[in-house]
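Have a look at the structure below before the remarks.
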Amino acid sequence: MLYSNYFVPTIKEIPSDAEVVSHQLMLRAGMIRKLTSGIYTFLPAGLKAIRKVENIVREEMNRSGAIEVLMPAVQPAELWQESGRWEFYGKELLRFKDRHNHDCCIGPTHEEVITDLVRKEIRSYRQLPVNFYQIQTKFRDEIRPRFGVMRCKEFIMKDAYSFDVDATGADKSYEIMYDAYTRIFRRCGLTFRAVEADSGSIGGSYSHEFMVLSDTGEDEIVNCLSCSYAANLEKAEVKAASPEPADRPPGILEEVRTPDVRTIEELTAFLSLPPDQIVKTLIFSADGNVVAALIRGDHELNEVKFKNLLGAEQIELADPRLVAEVTGAPMGFAGPVRLKAKMIADHAIRNMANFVTGANKEDFHLRNVNLERDFSVNQFADLRMIMAGDRCPRCDGELNFGRGIEVGHVFKLGTKYSKAMHAVFLDEQGGEKLFFMGCYGIGIARTVAAAIEQKHDQDGIIFPISIAPFEVCLLPLQMHEREVVDAAQKIYDACLACGVDVLMDDRDVRPGVKFKDADLLGIPLRVTVGERTLKEGMVEIKVRSERESAKVPLSEAPALIPAKIKALYDQIK
Ligand code: ATP
Ligand code: MG
């Protein structure tokens with residue numbers, strides 16, 4: 001590609017409305033432009049990076065045995081009513097009516113459409129397993145689009161859906177996708193972890209998110225420094241401490257007057273007590289049933305764990321009216337003693353003695369509360385958020401707390417959609433069986449943005465070669481010097497002849513401008529043809545991620561460039 005025949009509108013200034021580096025650099029390098037909130041146009045160089053990620057994804061999906069299809073963006077409401085998501089899906093689902101007053105939506109995801117297709121087309125167990133995928137535009141009316149194409153409304157996703165005869169088959173399909181994703185993100189040159197994630201309300205019980213490690217990530221993750229355990233913070237298991245015998249005999253249960261003292265901070269200050277001697281009683285309404293969570297004062301309840309344990313669709317903290325009904329007191333004085341509600345306690349409570357709780361009485365707390373003697377709970381469970389100092393739940397190793405950008409998600413769906421939409425096949429005995437499904441997504445543009453977030457310097461992007469808009473940028477520094485232009489043309493032709501993706505900056509601009517733009521766009525290999533070096537019969541080669549450049553004889557450049565490129569690819573194999 002010749003720069004003079006291309007379009008890379010670079011910008012010097014840092015755009016004021018771009019908060020994160022990848023957004024700033026994609027704008028500055030002329031890769032994207034905003035049309036309106038959360039909606040972007042990909043300019044040529046941005047599109048090339050997108051296509052490179054797509055190609056890697058496509059190759060690895062095909063290699064894994066998945067089959068490419070292309071489903072429509074617009075979907076009829078009926079399918080979403082069948083699955084139940086028409087009501088359940090929030091405002092992210094963009095709904096509209098067509099001219100016949102027919103409810104429609106723009107697909108934020110395609111479980112309904114693919115399940116409808118498969119229930120009509122696949123009849124027999126003999127046709128299974130099958131995995132259909134597409135690379136297609138999604139729309140989600142995100143409440144707060146931000147970070148450029150990282151969290152936008154209209155975005156390109158690779159989504160795949162597997163169909164199996166049973167859970168064992170579905171496990172196998174999941175594993176195949178997990179491995180394909182590992183290859184994809186490795187080939188994209190990213191540093192990532194597959195973390196155990198919460199499956200939320202989709203209903204499956206098992207999922208992994210592929211996280212690109214980056215300080216600017218929206219997700220908090222933990223990973224073990226000794227074993228491969230990694231998890232989303234909201235999912236991370238906390239190892240139950242082994243029970244210890246109480247170090248003090250149980251004291252006498254007594255009420256303490258604590259006027260207007262409601263929070264843990266107020267209570268620790270008022271009673272001069274460390275928070276780990278207090279038990280918080282959090283009252284929830286779980287699908288309409290009252291249930292209390294007991295958590296040590298210095299710990300934080302993990303609502304996701306609590307909700308999953310209860311198997312509830314929805315949980316919310318009880319409002320003052322419900323709290324008064326259950327405890328007989330206003331908010332801030334709930335406690336487990338004589339509480340008329342189901343109680344679930346975090347494991348840590350087991351090892352506590354003589355603690356403080358609310359008294360279920362306005363302006364009072366209880367001191368010297370003890371398990372079993374004063375109250376008992378329905379169940380002990382892992383209910384709390386993991387925190388600094390906790391050890392790995394698998395190997396007891398040290399944990400690292402960091403952030404990540406979710407670029408991919410693999411998910412076991414079970415029979416949630418096949419059941420709701422009556423999608424069945426005939427088994428060996430001729431009986432009807434529900435399909436076991438899995439779904440697997442990759443954000444294509446988010447992957448490009450995540451790569452930039454992970455790899456850049458003060459001069460611009462440092463693209464991994466596999467997803468860079470071009471592999472080589474060729475800079476003839478003096479366009480009016482015949483020798484320079486001829487030598488560059490020779491290298492350019494040689495690159496094209498052996499399939500190297502090269503951009504030749506043939507603009508008649510100062511060398512400094514060419515260098516700056518090349519660095520900004522992050523093309524991995526730079527080949528400079530300058531008047532002075534050419535007099536010695538040399539050209540200069542520089543790898544974007546390295547500081548030093550090297551002079552090589554002009555005659556050797558055509559062979560050296562492909563070799564350098566291969567070496568860069570080999571680094572991310
Ligand atoms: P998130 O938790 O980031 O909102 P999600 O869990 O809703 O994402 P999935 O439904 O699992 O996302 O979608 C699959 C992939 O699509 C994600 O892993 C992510 O890479 C990408 N993706 C999701 N939402 C967006 C968005 N608003 N903008 C860009 N990419 C997105
Ligand atoms: Mg997700």
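Numbering of ligands and ligand atoms starts at 1, following listing order. Along the sequence shown, the residues carry numbers beginning at 1.
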Check your understanding: Can V407 be said to touch ligand 1, with heavy atoms closer than 4.0 Å?
Key -> yes
Review point. Any N or O of F155 that comes nearer than 3.5 Å to an N or O of ligand 1?
Key: no
Check your understanding: Is C152 close to ligand 1, meaning an N/O of one under 3.5 Å from an N/O of the other?
Key -> yes
Check your understanding: Should the proximity of E142 to ligand 1, defined as any heavy atom under 4.0 Å, be assigned to the side chain, the backbone, both, or neither?
Key -> side chain
Review point. To which of K158, M157, M211 does the heavy atom nearest atom 13 (O) of ligand 1 belong?
Key: M157
Practice item. Flag the pair Y6 / F470 as yes when their ring centroid distance falls below 6.0 Å, and as no otherwise. Key: yes
Practice item. Determine whether the side chains of N62 and Y133 contain a donor N or O and an acceptor N or O closer than 3.5 Å. Key: yes
Review point. Should the proximity of M150 to ligand 1, defined as any heavy atom under 4.0 Å, be assigned to the side chain, the backbone, both, or neither?
Key: backbone
Point to revise | Backbone or side-chain N or O of G441 under 3.5 Å from ligand 1 N or O | key: no
Exercise for review: Return a yes/no value for E209: is any of its N or O atoms, backbone included, closer than 3.5 angstrom to an N or O of ligand 1?
Suggested key: no
Practice item. Using distance alone, with no hydrogens and no angle criterion, decide if Y417 and R85 have a side-chain donor and acceptor under 3.5 Å apart. Key: yes
Review point. In terms of the angle between their ring planes, are F210 and F192 parallel, tilted or perpendicular, with boundaries placed at 30° and 60°?
Key: tilted
Practice item. May I ask you to decide if the ring planes of Y206 and H208 are parallel, tilted or perpendicular, using 30° and 60° as cut-offs? Key: perpendicular
Practice item. Provide the number and element of each atom of ligand 1 under 4.0 Å from a heavy atom of G408. Key: 18 (O)
**Study point:** Nearest non-hydrogen partners of E313 and F88, listed with the distance
**Key:** OE1-CZ, 3.6 Å
Study note, to complete from the structure: The answer for which part of R446 has a heavy atom under 4.0 Å from ligand 1 is side chain
Practice item. Check V149 against ligand 1 and report side chain, backbone, both or neither, counting heavy atoms closer than 4.0 Å. Key: backbone
Exercise for review: Please work out whether the ring planes of F435 and F425 are parallel, tilted or perpendicular, with thresholds of 30° and 60°.
Suggested key: tilted
Exercise for review: Determine whether the aromatic ring centres of F163 and F436 lie less than 6.0 Å apart.
Suggested key: no
